[in-house]
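Naming: A, B, ... by sequence-line order, numbering from 1 per chain.
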Protein chains: 2
Amino acid sequence: MNAKPAHASDQPTRAQDMERPRPLTTVDVVIFTVLDGELKVLLVQRPQTEGEPFPGRWALPGGYVDVARDTNLLACARRKLKEKTGIASPYLEQLGSWGSRDRDPRGWSATHVYFALVPGADLKPMKGGNAADVRWAPVRTTSGQPGMAFDHGEILEAAVARLLSKVEYTSLPAYLLPEPFTLPQLQRMYEVILDRPVDKSGFRTRTLAADFLEEVGQVEGDANRLALAYKMRDRDRVVVFPRTFSPRG
Amino acid sequence: MNAKPAHASDQPTRAQDMERPRPLTTVDVVIFTVLDGELKVLLVQRPQTEGEPFPGRWALPGGYVDVARDTNLLACARRKLKEKTGIASPYLEQLGSWGSRDRDPRGWSATHVYFALVPGADLKPMKGGNAADVRWAPVRTTSGQPGMAFDHGEILEAAVARLLSKVEYTSLPAYLLPEPFTLPQLQRMYEVILDRPVDKSGFRTRTLAADFLEEVGQVEGDANRLALAYKMRDRDRVVVFPRTFSPRG
DNA sequence: TAAATAGTGTCTCTCAGACATTATGAG
DNA sequence: CTCATAATGTCTGAGAGACACTATTTA
C-alpha cells in the first residue's frame with residue numbers, strides 16, 4: 001500500500017501548515033459532588049437559539065478554547081470551572097479527549113475533557129441569575145441514559161467509570177468534603193460513591209496507615225460524641241493505596 | 001476584561017463560532033517496544049528545512065489531524081502508527097492531551113497523544129528509504145533528558161510513567177511479544193520494563209490465575225527443553241490484576 | 001442511664017513472596 | 001550424564017475482612 005513516503009503528510013511545509021483546515025477545539029469539565037448523600041454531576045442546558053446544535057439538550061459545562069485568554073488547556077478548564085461553581089482550587093485532572101468528524105454538526109471538532117471533584121458544602125447557591133439552565137443531576141439515573149448533547153453521554157460514562165475505579169484505591173473522596181472533616185464522614189463519601197457499605201475498622205486502619213491526613217483538633221461529629229477532625233496533608237498529592245477496598249468475593 | 005456574564009463566552013452565537021481563531025490540532029504517538037532486551041521508543045528527527053520549528057531535534061512521530069481523511073482521533077493515531085511501523089493492530093490507548101499558547105512557535109496548539117506497544121520481532125527493518133531520520137531510542141537514557149522538540153520530553157516522561165505504573169498490575173507486556181510466546185518470555189518483558197527480577201513461581205501463579213492466556217501447544221523455549229506456548233484470549237481486553245507485583249518492602 | 005455514634009481489639013484465612021525441588025530435552 | 005531452562009511444590013508472614021467490644025458525649 002501507499003506509494004508516497006510515510007512522512008510526507010506528517011511534516012508538511014510551513015505554507016501548508018497555516019492553510020490546513022483546523023478542527024474546532026473545546027474544553028469540557030465533568031464536575032462531581034456529593035449532595036444530599038448522593039453523587040451528582042453538573043449539567044448545563046444548551047440554548048434554544050436558532051441554529052445552535054442540540055437545542056435544549058443537557059450538556060457538560062465547557063466551551064471553546066480562547067486563544068487570547070487561555071495560556072493552556074488546564075487554565076482553560078480552571079476558568080470554566082470557576083465560572084460555573086465559583087470554586088478556585090478543586091481537584092482537577094485530565095480525563096481524556098474526544099474528537100471526530102461528526103460529534104459536532106458544525107464540523108470536525110475535538111474536546112479536551114477534565115474531571116473535577118468539589119465539596120458539596122462549598123457550592124454557591126447555584127451561581128448568578130440563570131439557575132434554570134444549570135442543574136446538579138444525580139449520576140446514577142443520568143449516566144448511561146440517552147439524550148445528552150454531542151457525545152457527552154459517552155464522556156460522562158467514561159468519567160463515572162474513572163471515578164468508581166479510582167475511588168477503590170485512592171484518596172480521591174477527600175476532595176468531596178470541606179475541611180476539616182471526620183473519618184466517619186470520609187467513610188460515607190466512599191460508601192456513597194461505591195454504593196456499598198465499607199467496614200469501619202478496616203477503613204480507619206487503611207486510611208490512617210496511608211498517612212495523608214493530619215489531625216486538626218476535634219469537631220462535632222454526626223452524633224453527640226465529638227470526633228477527631230482531619231485535613232489533607234497535601235492537597236496536590238493524591239494518595240494511592242497499595243490494595244483495593246473490595247470485599248471478599 | 002470581562003464585565004460580561006460568564007456563560008457568554010461558553011455559548012457564543014453561531015456566527016462567532018466559525019470566526020473564532022482555532023488552535024492547531026495534532027496527534028502524536030508514543031510507540032514502545034523491547035529490542036535487544038531493552039525498552040525503546042520510536043523517535044523521528046525534525047526536518048532541517050528553513051522555517052520549521054525545532055530543526056534537527058528528535059520528536060515523537062505524529063502530525064496534523066487531516067479533517068478530510070481522519071474520521072476520529074483514534075483513526076488518526078492508527079494511521080500514523082501504520083505509516084511508521086507497518087503494524088496495523090497493536091496495543092493503542094490514549095495517554096492525554098497537551099495544549100498551550102507556547103508549545104509550538106507557530107501558535108496556540110494542542111496535541112492528542114496516544115500510547116502504543118508493538119512486538120519487537122514484528123518490526124519492519126526500519127521502513128522505507130529514510131532510515132536516517134527515524135530511530136529506536138533506549139528509553140532509560142532518553143526519557144528525562146532535555147533537547148527534544150516541542151514539549152515532547154515532558155510527554156515522553158508521562159508515557160514512561162504510565163507504562164511503568166500499568167505494568168505493575170496489568171497484562172500490558174503481553175503486547176510486546178509476538179504470539180505465541182512462553183511464560184518465561186513474558187516474565188522477561190516484565191523484568192525488562194520494571195528493571196528488576198520477578199519471582200518465577202509467583203509470576204506463573206498470578207499470570208495463569210488471571211486467566212487471560214490460552215495454551216496453544218508447545219514451542220522451543222530459550223533452552224533445550226520445550227515450553228508451553230500461549231496467546232492472549234482476547235487482545236482487545238487488558239487484564240487488571242487484583243494486586244501489584246511489588247516485592248516486600 | 002439510654003441512645004447514638006466514635007473509635008479499638010481480635011481472630012481468621014487468604015495469598016504474595018521466597019526458596020527448594022522436580023521435569024524435560026539437547027548434546 | 002550433564003547442563004540449562006521449564007515447571008511445580010512448600011513454608012511463612014503480612015494484612016484485609018469480619019465482627020465484637022469499649023469510649024464519649026448529650027439528653
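Going from atom CD of Gln187(B) over to atom P of dG17(C) covers 12 Å, rounded to whole Å. Distance Leu228(B) CG to dA23(C) P: 16 Å, rounded to the nearest Å. Atom CZ in Arg206(A) sits about 19 Å away from atom P in dG7(C), given to the nearest Å. Between the CD atom of Glu220(A) and the C1' atom of dG7(C) there is a distance of 18 Å, given to the nearest Å. To the nearest angstrom, C1' of dA6(D) lies 12 Å from CD of Gln185(B). Rounded to an integer number of Å, the gap from Phe203(B) CZ to dA18(C) P is 16 Å. A straight line from CG of Asn224(A) to C1' of dT1(C) spans 13 Å, rounded to a whole angstrom. dT5(D) atom P lies 18 Å from atom CG of Leu186(B), rounded to whole Å.
Between the base of dG9(C) and the side chain of Ser201(A) there is a donor-acceptor pair shorter than 3.5 Å. On a pure distance criterion of 3.5 Å, a polar donor-acceptor pair joins the side chain of Arg225(A) and the base of dA23(D).
Comparing Asp199(A) and Leu226(A), the nucleotide of DNA chain D nearest to each residue sits closer to the 5' end for Asp199(A). Both Thr205(B) and Lys200(B) sit near DNA chain C, but only Thr205(B) has its closest nucleotide nearer the 5' end.
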Self-check item: Criterion side-chain contact (heavy atoms from CB on, under 4.5 Å) on Ile31(B) and Val41(B), from CA distance to verdict
Solution: CA-CA 6 Å; Ile31(B) 308 171; Val41(B) 62; 5.8 Å; no
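Taking only side-chain atoms of Arg204(B), from C-beta outward, the nucleotide of dA6(D), dT24(D), dC3(D) with the closest atom is dA6(D).
For the atom pair OG1 (Thr142(B)) and CH2 (Trp136(B)), the distance works out to 12.0 Å, reported to the nearest 0.5 Å.
Relative orientation of the Phe115(A) and Tyr91(A) rings is perpendicular, given thresholds of 30° and 60° on the angle between their planes.
Other residues, nucleotides and ligands contribute more than 12 heavy atoms inside 6.0 Å of the CD atom of Glu38(B).
Within the 4.0 angstrom heavy-atom criterion, only backbone atoms of the sugar-phosphate kind lie near Asp222(B); the bases stay farther away.
Salt-bridge formation is not detected for the pair Glu154(B)/Arg103(B): no Lys NZ or Arg NE/NH1/NH2 atom is positioned less than 4.0 Å from an Asp or Glu carboxylate oxygen.
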